[in-house]
2 protein chains.
Amino acid sequence: MNIKEVAKKAGVSVATVSRVLNHPESVAPDTKQRILDVIQELEYTPNWFARGLNFNKTDTIGLLIPNILNPSYMEIAKGVEDVSHQKNYNTLLCNGENAIEKERKYVDILVKRRVDGIVLVSSLLESDDIENITKQGIPVVLIGENRGDIKGIPIVRIDCEGASYKAVRHLIDIGYKDIAIIYGSTPEKENKRKVDGYRQALAEEGITEREEYLQEAPNTIEGGYIAGKRLNDLKHRPRAIFTSSDILAFGAIDAMKDHGVKVPEEVAFVGFDNIRMSNLIEPKLTTVEKPMHKMGVVGARLLFDIIDTKGEDITNREILLQSKLKIRKSCGHKERIGEIF
Amino acid sequence: MNIKEVAKKAGVSVATVSRVLNHPESVAPDTKQRILDVIQELEYTPNWFARGLNFNKTDTIGLLIPNILNPSYMEIAKGVEDVSHQKNYNTLLCNGENAIEKERKYVDILVKRRVDGIVLVSSLLESDDIENITKQGIPVVLIGENRGDIKGIPIVRIDCEGASYKAVRHLIDIGYKDIAIIYGSTPEKENKRKVDGYRQALAEEGITEREEYLQEAPNTIEGGYIAGKRLNDLKHRPRAIFTSSDILAFGAIDAMKDHGVKVPEEVAFVGFDNIRMSNLIEPKLTTVEKPMHKMGVVGARLLFDIIDTKGEDITNREILLQSKLKIRKSCGHKERIGEIF
DNA sequence: ATGAAAGCGCTAACAG
DNA sequence: CTGTTAGCGCTTTCAT
């Protein structure tokens, strides 16, 4: 079914049919109605490719996330999708799987498909890769920090370093000194910042850092388990552990329990993200609340701003969202159950 | 950058350039090389729309799931994506949000975009909706049962009824009689089957059903919490609860704990799905292991079979996958920690 | 082995 | 207000 058949059946030219689809106001009411009827009758829908060939626009955005099975990324994805769906856009969700080649491949596909914009979540891409995208006129927005240094690419993020500092500070305030950190290998830069925040809190208190208290691990439950076990096997087991994500904490807590270590009585925990599950495990996890859904929403809005205005005045925008420390049970704090900034 | 410029620069006709891209063997080695060089130099990539206009093929499949935040659906999605990515296909992930209008809208978009096939996960669509898709020549595969009765649409699923029967049977074997069920409002049909399995197990034992032990709830953690609370408020609280999904169990267990009820000492639990988190909560959840990733993989393979063979001999295929009962702590079983069929 | 040209389905400028 | 027609970028006969 194509426009020609519709035109023939309605006794008009293809141009007129095209008009009722794209500029309905410029067509006489009765001809318009007649054509509309035929369209309905023939169940005609314009060919997607032909349209694209003319408009060079897809009403689609690409969304690249590091791991589709990680709930915190999915919450961001949900935020993006909410906005894009509401704008009648489609979202092409790509699962980078923490592998730069896979990310590159996906970006390639997205570019080839002429998506109208791309949202990159904590990606591994280098600045060159990103430049390649924008050079083709496709706007990019970052959610969470990227590996490469990016100049002039809008980004929405939180203050990882500050948030981590406060989290560790809280642990110190309670009275712990032997504090370890488990940080994910990805996303690289953000986790580096989290380590920095951790260090800063320790340094401020004159606590000397122990090499073996810095544990890197894949950012998965399993990764957390292994790192937790390593920490437990240490001659001098830490009294408290800060993790760069909740799922790492889940794994590490599980490891402790498996080895008969009591949480938080023997080892206290503070996580990062506040995913939905974090107050369901035992003990409920004290964690940094990262506004993931909101980050997705804000990121998508930013992207659409650029798309809609063709990126006129939006240069080098950086949006910093707030995160709070959510104090629950796992940190072993006696009284202050609640939230602080 | 388009094919014309490449042709000009290489001193050949556009036809020849097109040939090296689509039928390289039909071009003289040296001309081919020359053209390849120019392509590289000019960073030429064929226009996706123009290609589509000719081939009417997108190398894209659509995947519609009920809820992007539900880990069990994401595991299925991962399975589908794994296969499709490996086949160099793209996956358009759509979040139906348990709303039939949103599902319809998405399917509409997918059809308009001429995706090469669609995977529907436990969708709300009626058989008419699905017929509308297949009528347009787009193959459809179902993962998990649909709302409508579908004839001749390939499906991969598990035996919900049998699995639930065994789960409840296990509860009975341990010695419980007052057994309740919390079942999600979606996916409708599968949960109906789970209720059937539950009923059958009770009936077999001559246990009379109590109306108030059948609790329907939204298939979310929150839904589980509310249903759990309702069950706890009952004059005669059940001694054991079977839930149609793990996340419902998570919510209900949380509710019990909040009200000072001990799990499994006072109320035992058996879930359904065996998502990764289910052995991290306290107590570790006894649950029906549903092979979600595998369902995704098998479903996608099935779809590609149809796409590749143009659906010649694949009629009315139904693939039934096995699920096991995974016995952990939450059911309160003393000895048999492990797996049974 | 290569080129010329038709055509995929649609949009928009130009004429009337 | 509507029709004619020239593209959009590519693939593929049909010649040569």
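The shown structure was predicted, so the numbers you read here are calculated from the model rather than taken from an experiment.
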key: Check ion pair Lys112(B)-Asp108(B) (N to O, under 4.0 angstrom)   =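 Yes, Lys112(B) and Asp108(B) are salt-bridged.
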
key: Asp30(B)/Lys32(B) salt bridge by N-O under 4.0 Å criterion   =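 Looking at Asp30(B) together with Lys32(B), the answer is no, because their closest N to O distance does not fall below 4.0 Å.
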
key: 5′-ward residue of the pair Leu53(B)/Lys32(B) relative to DNA chain C   =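 Its nearest nucleotide being more 5', the pick is Lys32(B).
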
key: Residue whose nearest DNA chain C nucleotide is more 5′ - Asn54(A) or Thr16(B)   =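 Residue closer to the 5' terminus by nearest nucleotide: Thr16(B).
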
ask   = Considering residues at least two apart in sequence or located in another chain, which fulfil the salt bridge (Lys or Arg N to Asp or Glu O under 4.0 Å) criterion with Lys87(B)?
value =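 Partners of Lys87(B) by the salt bridge (Lys or Arg N to Asp or Glu O under 4.0 Å) criterion, ordered by chain and then number, come out as Asp308(B).
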
Would you mind telling me which of [options] lies closest to the side-chain atoms of [X]?
X: Val12(B); options: dT11(C), dG3(D), dG3(C); value: dG3(C)
X: Thr31(B); options: dT12(D), dA1(C), dC10(D); value: dA1(C)
X: Arg51(A); options: dC10(C), dC10(D), dA12(C); value: dC10(C)
X: Asn47(B); options: dC10(C), dG9(D), dA4(C); value: dG9(D)

query = Touch check for Val17(A), heavy atoms < 4.0 angstrom, all strands: base, sugar-phosphate only, or nothing?
reply =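 Since no nucleic acid heavy atom lies under 4.0 Å of Val17(A), the category is nothing.
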
ask   = With a non-hydrogen cut-off below 4.0 angstrom, is Ala28(A) in contact with a base, only sugar-phosphate, or nothing?
value =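 Sugar-phosphate only.
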
From [atom1] of [X] over to [atom2] of [N], roughly how many Å is that when rounded to an integer?
X: His23(A); N: dA12(C); atom1: NE2; atom2: C1'; result: 7 Å
X: Arg19(B); N: dT13(D); atom1: CZ; atom2: P; result: 10 Å
X: Asn2(B); N: dG7(D); atom1: CG; atom2: P; result: 14 Å
X: Asp30(B); N: dA1(C); atom1: CG; atom2: P; result: 11 Å
X: Ile35(B); N: dA1(C); atom1: CD1; atom2: P; result: 13 Å
X: Phe49(A); N: dT11(C); atom1: CZ; atom2: C1'; result: 17 Å
X: Asn56(A); N: dC10(C); atom1: CG; atom2: P; result: 17 Å
X: Gln33(B); N: dT2(C); atom1: CD; atom2: P; result: 13 Å

task = State which residues pass side-chain contact (heavy atoms from CB on, under 4.5 Å) with Asp82(B); sequence neighbours excluded, sorted by chain then number.
result =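 Once residues adjacent in sequence are excluded, the partners of Asp82(B) under the side-chain contact (heavy atoms from CB on, under 4.5 Å) criterion are Glu97(A), Lys78(B), His293(B).
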
ask   = Where is the tightest heavy-atom contact between Lys102(B) and Asn95(B), given as atom of each residue plus distance?
value =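 Taking every non-hydrogen atom into account, NZ-O, 3.3 Å.
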
query = Closer to the 5' end of DNA chain D via nearest nucleotide, is it Arg34(A) or Val14(A)?
reply =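 By nearest-heavy-atom nucleotide position, the 5'-most residue is Arg34(A).
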
